[in-house]
Every structure is written in structure tokens, then in C-alpha cells.
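Report on one structure; see the data block that follows.
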Amino acid sequence: MQNIHSHTWDTALHFQPETIKEADISRGYPLDLTVKFETFMQDMAPFDQVVVFGLKARRTGYWVPDEYVADFVAKAPEKLIGFACVDPTQPEHFEELTHAIDHLKMLGVKMGPMYAGFDPRDPMCDRVYTYCQDNGLPILFHTGTTFNHNAPLGYSRPWLFDDLAIKYPGLQMILAHIGHPFSEECLAVIRKHPHVYADVSALYYRPWQFYNTMIVAQEYKVTHKLLFGTDFPFANGQESVDGLRNVNHIIAESGLPRVSEQVIDDILERDSLTLLGITQ
Ligand SMILES: [Zn+2]
């Protein structure tokens, strides 16, 4: 099993104090977002390979250096795959990116347009997108809502990435969290573009929304574009697997349509890394 979405950071070093406080909203109760290597590896026990990244977004108070992620990955290189993070509003972002790819051996990129406060279609990002397209580097974008009050929702709407997909037909993209709560918009985008995927991370704990999203995905026949991820430390590994397996529990024997067992198995067994062209 593969996990395409997880985080590492040291909150004391890499988060602004207000950001740590606001994170309590993410699950509705205080959450310890500290990531210790041993705890992380325990949580990742169900998975053979795990993509891990931090976040860079000056606007909302996150700054996890790529070196930190690279050191973390180096402790379990057979299992962990590091992605570089890019905040294109910052002057050194392109040099940091090429350094992370060339020297830290990162195999993809994570960007958070709403967190860093940029429209993903902004021409200032073109250099990053062209570089990623030319070098076969997938970009995982945060899409959907957040707990940070200063992160504009307008920059996380999935439809923005339709324009990007048209402009960069060779750029592999993953839209995180199926764009929740704009999931229908996200499914419409991934349906159009063979090179655009979505991940199911951090959705299972809103069971009604998750069930409906999966049913819509099934009706649009786009479940083959859904990649498995957890969003650790916001959600745990085995709980995320069980959450997907139990997606139909909420409807009980009501007669409502069910997410097929085959669809669930396929998502859990998907070789996302090969689909994205990532080889360790
Ligand atoms: Zn995440």
C-alpha cells in the first residue's frame, strides 16, 4: 500500500504560534501536530511507501526547510519519498526548488496556494510549473478549505487547476483532499485531464461528506484517478484505511447506493507512484 500525502515538521521551529493555535479547528479539538520520526514510522506501518513533505507558506506562518524533510527521509530511504515545498511569493523560491531536486533528491513538489496567498494561475508560477513539467516532477496542491483564517479560500478552488492543466498538458498534478468541500468541482477537473489526480486524504472523519463524494466519483467514473493518502498528523494511517473501508457504514441498510468494494480495494492497492512517474 502507498500513502501519497503525509507531513513532517517541528511545530516549535516551523510554525508561528498563532498557526498552532488555529490548528485546533482542523478536527474540532486540540490536536498535537508534533511529528516525531518513531511515531511517524509506527503510524506508517500499513504502508510500503510514503510521500512526505512539510509546507512553505510565509503568509500563514509555515516554513519547513527542504533540508529538514530530506534529513527525515534519509532515516528510512527505502520507504519514504520526499517532496520539495515551494512558496512562489518568496524571492529565493526557484533556487530553493532546484537545490531540493538536484542535491536533496526530492522527487516531487508540494504547493499550498491558499496558505501562501497566490492564485495558482499567476504567471509568477510559470517557471516552477515549466521546470516540474520538463523534469517529470508531480505537484501536489492543497485544494479545499482550511482552519487558517488568513488563507484565502478563493485560491484553493479546484476549478483554478483546470486552466493550469490545459496550459501544462505534461504536468502531473494531485489535488489534495478531493478539494473538500468543493469536491464535485474537483471531480469535474480530474475527469477532464488524464494528468490530474486527487487524493482522498483527511476526508473519512466527515463520513457523510466522504460517502457522498465517493458516490459522485463513482457516478462520474473517476475513481481510477483517486490516490490514497492520510495527511498525517491530521489523520492517522490505519484509521484512514479503515475509514475508507467503512465508507458505506453511514448508510447502513437504507437502500442508498453503495461505494463498490472493488473501488475501495483499487484505491488502497493503487500504484500511485508509478502513475505519477516516480521511481525511487
Ligand atoms: Zn496535508
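What you see is a predicted model, and the numbers here were worked out from it, not measured in a lab. Whatever order the structure lists ligands and atoms in, that order sets their numbers, starting from 1.
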>> Between Asp126 and Lys167, does any NZ, NE, NH1 or NH2 come within less than 4.0 Å of an OD or OE carboxylate oxygen?
In response: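 Yes, charged N to carboxylate O under 4.0 Å.
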Next on the checklist: Side chains of Asp87 and His93 only: does a donor on one sit below 3.5 Å from an acceptor on the other?
Outcome noted: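 There is no such pair (donor and acceptor under 3.5 Å, judged by atom type) between the side chains of Asp87 and His93.
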Practice task
Count the heavy atoms belonging to other residues, nucleotides or ligands that lie under 6.0 Å from CD of Gln209, then report whether that count exceeds 12.
Solution key: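 Count over threshold, so yes.
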Notebook entry, point to check: Just wondering, are more than 12 heavy atoms of other shown residues or ligands nearer than 6.0 Å to NZ in Lys36?
Noted result: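 Check fails, neighbour count at 12 or below.
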Requested in this report: Spell out the protein N/O/S atoms under 2.8 Å from the Zn ion (ligand 1) as residue plus atom name.
Outcome: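 Listed by chain and number: His5 NE2, His7 NE2, Asp231 OD1.
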Would you call the rings of His177 and His5 parallel, tilted or perpendicular if under 30° counts as parallel and over 60° as perpendicular?
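Because their plane-to-plane angle lies in the 30° to 60° range, the rings of His177 and His5 count as tilted.
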* How many angstroms lie between SG in Cys125 and CG in Asp119, if you round to the nearest 0.5 Å? ->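 If I round to the nearest 0.5 Å, the distance is 8.0 Å.
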